[in-house]
Amino acid sequence: MTARIIIKADREKPIINQHPWVFSGAIAEVKGSPAPGDIVDVVSSKGKFLARGYWNAQSQIQVRILTWRDEPVDDTWWFNALQRAISVRPGGDSRADMKRLVNAENDYLPGLVVDRYGEWLVLQALTLGVDIRKARIAEMLRELVKPLGVYERSDVDVRRKEGLGEVTGVLSGDEPPALIEVDEFGRKLLIDVRKGHKTGYYLDQADNRRLFLDLVKRLSDEHARELDVLNLFSYTGSFSLHALPYGRAANIDASRDALELAEQITQANFPDRDDLAEYILADVFEYLRDTVDRHIQYDLVVLDPPKFAHNAQQVDKAARGYKDLNLNAFKVIAPGGYLLTFSCSGAITRDLFQKIVFGALADTGRQAQIVRHLSQAEDHPVALTFPEGEYLKGLLLRVW
Ligand code: SAH
């Protein structure tokens with residue numbers, strides 16, 4: 001018998017409105033004894049069917065909803081849900097090779113992330129409900145996408161909240177190579193799916209890198225010269241790779257591995273031009289202060305820091321961090337230059353981020369125009385019923 005999770009009368013609204021999380025505090029009663037990960041029915045206080053999802057008593061989010069329809073959640077259901085997510089991904093020139101195929105709650109598959117890098121898939125199981133089904137999901141993915149293999153990167157902190165440890169390794173098919181070669185907008189990238197950040201790469205910034213590439217090309221054309229680019233928090237140097245050879249770039253990051261890979265990638269693309277880019281192992285806060293002191297200026301600055309606010313309590317401290325960085329970034333931009341500035345903290349709203357950047361600008365006495373509002377890439381959609389899915393926000397600014 002499927003267990004029935006009875007919801008408190010005053011807590012039904014979000015579930016009816018298709019928010020996919022049922023917190024322990026919303027539950028009046030559990031009828032039956034569901035095992036961890038079992039499919040359960042979510043039922044109103046009056047006994048009406050509301051939704052169906054998977055159970056985890058160890059998590060604060062005790063049910064993650066899979067469907068609001070009274071339909072069986074069996075292998076056919078999972079296969080169809082995976083197929084639907086995969087079939088709507090953007091294709092086109094640059095996205096054949098590399099994209100997010102499943103974006104968890106935002107694709108109505110809570111807890112499941114699947115990214116494609118060439119012939120390989122990388123799966124992240126963020127919840128127990130997905131963890132116990134991951135072998136079968138990997139087989140379905142092989143049938144749907146026909147990759148050479150599915151590699152697991154479930155080495156993420158949030159799993160602890162589900163009572164799970166970290167796991168990595170081959171789930172299905174062959175071992176991926178040490179570096180997977182993929183194409184991004186005509187440039188060759190090397191992805192380390194074992195040790196790289198996230199599932200190996202920041203796919204969420206792809207659309208913004210495309211925009212940056214077009215901007216650098218156009219500006220270099222207009223000015224008829226090579227541009228100077230400062231790529232702060234560069235990771236493996238993708239933003240600046242797209243600026244080459246229209247400009248020269250300095251990549252700043254605190255990860256030696258990321259910078260070494262950045263150098264290898266640049267060499268793979270421009271074997272005869274080791275003058276095009278620099279790789280500087282440094283703390284960006286300190287590096288920027290130093291650059292200000294030395295009165296060095298750039299045509300374009302990319303500022304893409306890691307997540308500073310992991311929850312609402314960290315927002316104030318994070319805001320000070322963003323302000324410091326943006327303040328000094330403005331100072332190192334030549335008049336008429338551009339700043340691409342981001343925050344990937346979900347807890348910092350788009351509105352607040354713009355206010356922080358405004359505050360930084362005000363302290364410099366410079367002027368700036370918003371040229372574009374920026375978001376996570378198209379293959380990272382946000383379910384309208386799940387605002388938590390929106391995290392990356394940014395501004396393209398022209399700075400005077
Ligand atoms: N823009 C990149 C992604 C950046 S992710 C891309 O498009 O691929 C953030 C990066 O910041 C990581 O590579 C991390 O190593 C680096 N980092 C974190 N804190 C840092 C600090 N204080 N100084 C320099 N780099 C830092």
Side-chain angles (χ1 to χ4, degrees), residues 2 5 7 11-23 26 34 37-44 49-56 59-91 99-116 121-145 150 154 156 158-159 161-162 198-199 203-204 346 375-392:
T2 308
I5 313 301
I7 303 300
R11 301 290 290 269
E12 286 166 7
K13 196 70 193 278
I15 298 168
I16 292 166
N17 284 344
Q18 301 209 8
H19 193 282
W21 293 349
V22 179
F23 288 92
D38 272 1
I39 298 296
V40 295
D41 283 355
V42 179
V43 176
S44 78
F49 174 88
L50 297 175
R52 188 159 288 150
Y54 59 73
W55 173 254
N56 183 5
S59 172
Q60 278 199 30
I61 303 170
Q62 295 198 317
V63 184
R64 306 236 178 191
I65 295 175
L66 297 164
T67 180
W68 286 264
R69 272 189 270 169
D70 190 357
E71 59 182 348
V73 177
D74 50 15
D75 276 1
T76 308
W77 184 94
W78 284 94
F79 189 85
N80 290 339
L82 289 168
Q83 188 168 39
R84 183 172 88 160
I86 292 166
S87 68
V88 296
R89 264 39 212 180
K99 60 189 128 186
R100 174 150 298 189
L101 297 179
V102 180
N103 196 28
E105 270 76 350
N106 302 290
D107 276 304
Y108 311 98
L109 282 161
L112 177 66
V113 168
V114 183
D115 289 342
R116 176 179 191 151
L121 298 186
V122 182
L123 180 151
Q124 243 172 11
L126 304 171
T127 58
L128 184 139
V130 168
D131 200 74
I132 62 168
R133 292 174 175 85
K134 65 192 177 189
R136 262 190 302 151
I137 291 172
E139 290 318 311
M140 291 177 192
L141 289 168
R142 289 200 71 195
E143 200 179 324
L144 284 164
V145 187
V150 183
S154 298
V156 279
V158 286
R159 278 171 59 100
K161 298 188 184 178
E162 292 273 315
K198 296 200 176 203
T199 59
L203 288 170
D204 53 357
S375 298
Q376 61 218 47
E378 191 184 341
D379 56 352
H380 291 58
V382 181
L384 202 48
T385 47
F386 186 65
E388 294 87 341
E390 187 176 9
Y391 63 96
L392 183 62

Problem set entry | Qualifying residues under side chain to side chain donor-acceptor pair (under 3.5 Å), relative to Asp115, sequence neighbours excluded | Arg100, Thr199

Exercise. Excluding sequence neighbours, so at least two apart, what forms side chain to side chain donor-acceptor pair (under 3.5 Å) with Asn106?
Worked result: none

Seminar exercise, completed: Distance col, row Glu162:CD vs Leu128:CG, nearest 0.5 angstrom, shows 6.5 Å

Problem set entry | Atom of His19, atom of Trp68 and distance for their closest heavy-atom approach | O-CZ2, 3.7 Å

Problem set entry | Nearest-0.5 Å distance, CG of residue Asp41 to CG of residue Asp70 | 7.0 Å

Exercise. Is Asn56 close to Thr127 at the side-chain level, that is, under 4.5 Å between some pair of heavy atoms?
Worked result: no

Exercise. Is Gln124 close to Val156 at the side-chain level, that is, under 4.5 Å between some pair of heavy atoms?
Worked result: yes

Exercise. Taking C-beta and beyond as the side chain, do Trp77 and Leu66 meet within less than 4.5 Å on heavy atoms?
Worked result: yes

For this session: Find out whether Asn103 and Asp379 are in side-chain contact, i.e. whether some heavy atom of one side chain is under 4.5 Å from a heavy atom of the other.
Result: no

Problem set entry | Close side-chain approach of Leu109 and Trp78, heavy atoms under 4.5 Å | yes

For this session: For Glu388, look at atom CD and say whether over 12 heavy atoms of other residues, nucleotides or ligands are found less than 6.0 Å away.
Result: yes

Problem set entry | Passing candidate, side-chain contact (heavy atoms from CB on, under 4.5 Å) with Val145, options Ile86, Val150, Val114 | Ile86

Seminar exercise, completed: Between the CG atom in Asp204 and the CD atom in Glu378, the distance rounded to the nearest 0.5 Å is 14.0 Å

Exercise. Are the side chains of Arg64 and Leu112 in touch, meaning some heavy atoms are under 4.5 Å apart?
Worked result: no

Exercise. Are any of the side-chain heavy atoms of Asp131 and Lys134 separated by less than 4.5 Å?
Worked result: yes

Exercise. Side chain of Glu390, backbone of Val382: donor and acceptor closer than 3.5 Å?
Worked result: no

For this session: Count the heavy atoms belonging to other residues, nucleotides or ligands that lie under 6.0 Å from NZ of Lys198, then report whether that count exceeds 12.
Result: yes

Problem set entry | Heavy-atom pair with the smallest gap, counting every atom of Gln376 and Pro381 | NE2-O, 4.5 Å

